[in-house]
Q: 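Take this structure, written in structure tokens, and hold onto it; I'll ask about it next.
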Number of protein chains: 2
Amino acid sequence: MERFIDRCRQEGLKVTPQRIAIYQVLMASRNHPSADTVYREMSATHPTISFDTVNRTLLTFADIGVIKTVESYSGSRRFDTETAPHHHVHCVKCGRISDFNDQGIDTVEVPDRVVRDFSVIGQRMVVSGICPECGGK
Amino acid sequence: MERFIDRCRQEGLKVTPQRIAIYQVLMASRNHPSADTVYREMSATHPTISFDTVNRTLLTFADIGVIKTVESYSGSRRFDTETAPHHHVHCVKCGRISDFNDQGIDTVEVPDRVVRDFSVIGQRMVVSGICPECGGK
DNA sequence: TTAAGTGCAAAGGCTTTGCGGTGCC
DNA sequence: GGCACCGCAAAGCCTTTGCACTTAA
């Protein structure tokens, strides 16, 4: 939490009660929440915060790298509270995305010709399929 | 094109002029068009087709596997005319997605624990970064 | 003939923008 | 005290839905 506050100051962002509250909710969440999900989760403890502030704050956090935005397959934007490298399993039926870790995949080499002109931030394997709940396997 | 028509018939879909026209545009396109992009591209040659038909047809095509939907990072749904396995490079600034092929990555093994209960359809590496136009490298 | 497909229009979600009031620095 | 931030409201996209007309089979 100290680190979060420092980070905001570094970035020239003001440390407001709303931002702290949103940050706490994010750190407690283990999924890939949408802005609406975060907003709902907050409404119990912080009933006066606006959806707008939540949404804008999430975008701001993503901008400074506190969280990330996740690839999605339609619908609303999803955020990822896990900023360490990891990979995704995606159900094409229900859209659910779950994480997994694999150091081997983290370090798979992408051909140089592909990324020569890019400033690479990271790489992620996305496995698509049908989850058990949706009739897979 | 014959194969496309056969496929429609197999799936019980009627072969309409609109569907043929959309299919042609798709095959000529090399990117990851949105419904709107396809619609615009058609408007020169097929000015009477409606956006609705384009959009619904794209969803239908994705449903039967003629095209695929692509992960996106906000904004509108994107389609992929390349159905063979391939990988993506994604610019986090402008959102552009480009393809690359790499057989080594195609066959990277995902740990069994991850996919045990899934019916896996495919896997894709997504490399994130900043492209030259957006200030990368 | 008839079930599927098309086009139009409206509605519904999510996101973005603008602006006056508020509060961190 | 200034400037960033918040909350509210409206507008803008994109997608989805409903319905009457048309058309491929």
Side-chain angles (χ1 to χ4, degrees), chain A residues 1-2 4-23 25 32-43 45-64 66-67 69-79 95, chain B residues 1-2 4-23 25 32-43 45-64 66-67 69-79 93-95:
Chain A
M1 178 51 87
E2 283 306 318
F4 166 69
I5 292 178
D6 287 347
R7 186 144 190 190
C8 286
R9 296 242 162 88
Q10 277 174 31
E11 300 281 348
L13 297 181
K14 292 186 176 170
V15 179
T16 65
Q18 290 89 340
R19 282 179 177 161
I20 289 175
I22 292 168
Y23 182 75
V25 168
H32 302 94
S34 64
D36 189 59
T37 305
V38 175
Y39 175 63
R40 281 174 207 273
E41 282 180 21
M42 307 200 60
S43 58
T45 50
H46 299 79
T48 61
I49 202 168
S50 74
F51 171 80
D52 241 357
T53 298
V54 173
N55 191 41
R56 258 186 296 210
T57 301
L58 291 173
L59 290 174
T60 304
F61 284 177
D63 216 42
I64 66 172
V66 169
I67 57 178
T69 58
V70 176
E71 74 277 1
S72 78
Y73 292 79
S74 98
S76 54
R77 176 161 27 212
R78 304 287 208 80
F79 296 92
Chain B
M1 176 52 87
E2 285 305 317
F4 167 68
I5 293 178
D6 288 347
R7 186 146 191 189
C8 285
R9 297 240 162 87
Q10 277 174 31
E11 301 279 349
L13 296 181
K14 293 186 175 169
V15 180
T16 65
Q18 290 88 340
R19 282 179 177 161
I20 290 175
I22 292 167
Y23 182 75
V25 169
H32 302 94
S34 63
D36 189 59
T37 306
V38 175
Y39 175 63
R40 281 174 206 274
E41 282 181 20
M42 307 199 60
S43 58
T45 49
H46 299 80
T48 61
I49 202 168
S50 73
F51 171 80
D52 240 0
T53 298
V54 173
N55 192 41
R56 261 186 295 211
T57 300
L58 291 173
L59 291 174
T60 304
F61 284 177
D63 216 42
I64 66 173
V66 169
I67 57 176
T69 58
V70 175
E71 74 276 1
S72 78
Y73 291 80
S74 96
S76 54
R77 178 163 22 216
R78 303 288 208 79
F79 297 92
K93 294 275 186 192
C94 64

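In the text below, chain A, chain B and the rest are named by the order of the sequence lines, each starting its count at 1. Values below: every heavy atom of this structure, side chains too, minus hydrogens, waters and symmetry copies.
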Q: Are B:S50 and C:dG7 close enough that a side-chain N or O sits under 4.0 Å from OP1 or OP2?
A: yes
Q: What bend angle does the helix from C:dT1-D:dA25 to C:dC25-D:dG1 show across its length, from five-pair end axes and to the nearest 10 degrees?
A: 40°
Q: With sequence neighbours excluded, tell me which residues meet salt bridge (Lys or Arg N to Asp or Glu O under 4.0 Å) with A:D6.
A: none
Q: Calculate, to the nearest 0.5 Å, the distance between atoms CG and OH belonging to A:D36 and A:Y39 respectively.
A: 8.5 Å
Q: Need to verify one output field. Residue with the more 5' nearest nucleotide on DNA chain D, A:T48 or B:F51?
A: A:T48
Q: Taking 4.0 Å as the cut-off, does a side-chain nitrogen or oxygen of B:Q18 come that near to OP1 or OP2 on C:dG7?
A: yes
Q: Tell me, which pairs form a side-chain hydrogen bond (donor to acceptor under 3.5 Å, both in side chains) where one or both residues lie in residues 47-59 of chain B, sequence neighbours left out?
A: B:S50-B:T53
Q: Give, for atom OG1 of B:T69 and atom CG of B:L59, the distance between the pair rounded to the nearest 0.5 Å.
A: 9.0 Å
Q: When the distance from CG of B:N55 to C1' of C:dG5 is rounded to whole Å, what number comes out?
A: 15 Å
Q: For B:D36 and for A:L13, find the nucleotide of DNA chain D with the closest heavy atom, then tell me which residue's nucleotide is more 5'.
A: A:L13
Q: Determine the minimum heavy-atom distance between A:I67 and A:F79, stating which atoms define it.
A: CD1-CD2, 3.6 Å
Q: Taking the side chain from B:R78 and the backbone from B:V70, do they hold a donor-acceptor pair closer than 3.5 Å?
A: no
Q: When the ring planes of A:F4 and A:Y23 are compared, do they come out parallel, tilted or perpendicular, using 30° and 60° as the limits?
A: parallel
Q: Return the set of residues passing side-chain contact (heavy atoms from CB on, under 4.5 Å) with B:T16 (not counting sequence neighbours), or none when no residue passes.
A: B:K14, B:Q18, B:R19
Q: Measuring only between side-chain heavy atoms, which start at C-beta, is B:S34 closer than 4.5 Å to B:T37?
A: yes
Q: What N/O pairs connect the protein and nucleotides 17-21 of chain C at under 3.5 Å? Give each pair on its own line.
A:
unit_1: C:dT17; atom_1: O4; unit_2: A:D52; atom_2: OD2; d: 3.4

Q: Atom NE2 of B:H46 to atom C1' of C:dG7: distance rounded to whole Å?
A: 16 Å
Q: Rounded to the nearest angstrom, tell me the gap between atom OH in B:Y39 and atom C1' in D:dC13.
A: 15 Å
Q: How would you label the contact of A:L58 with the nucleic acid (heavy atoms, under 4.0 Å): base, sugar-phosphate, or nothing?
A: nothing
Q: Using a cutoff of under 3.5 Å, can you pull out all pairs of nitrogen or oxygen atoms linking the protein to nucleotides 20-24 of chain D, with atom names and distances?
A:
unit_1: D:dA24; atom_1: N3; unit_2: B:K14; atom_2: NZ; d: 3.3

Q: Side-chain N or O of A:R77 less than 4.0 angstrom from OP1 or OP2 on C:dT16?
A: yes
Q: Say you draw a straight line from CZ of B:R7 to CG of B:L13; how long is it, rounded to the nearest 0.5 Å?
A: 10.5 Å
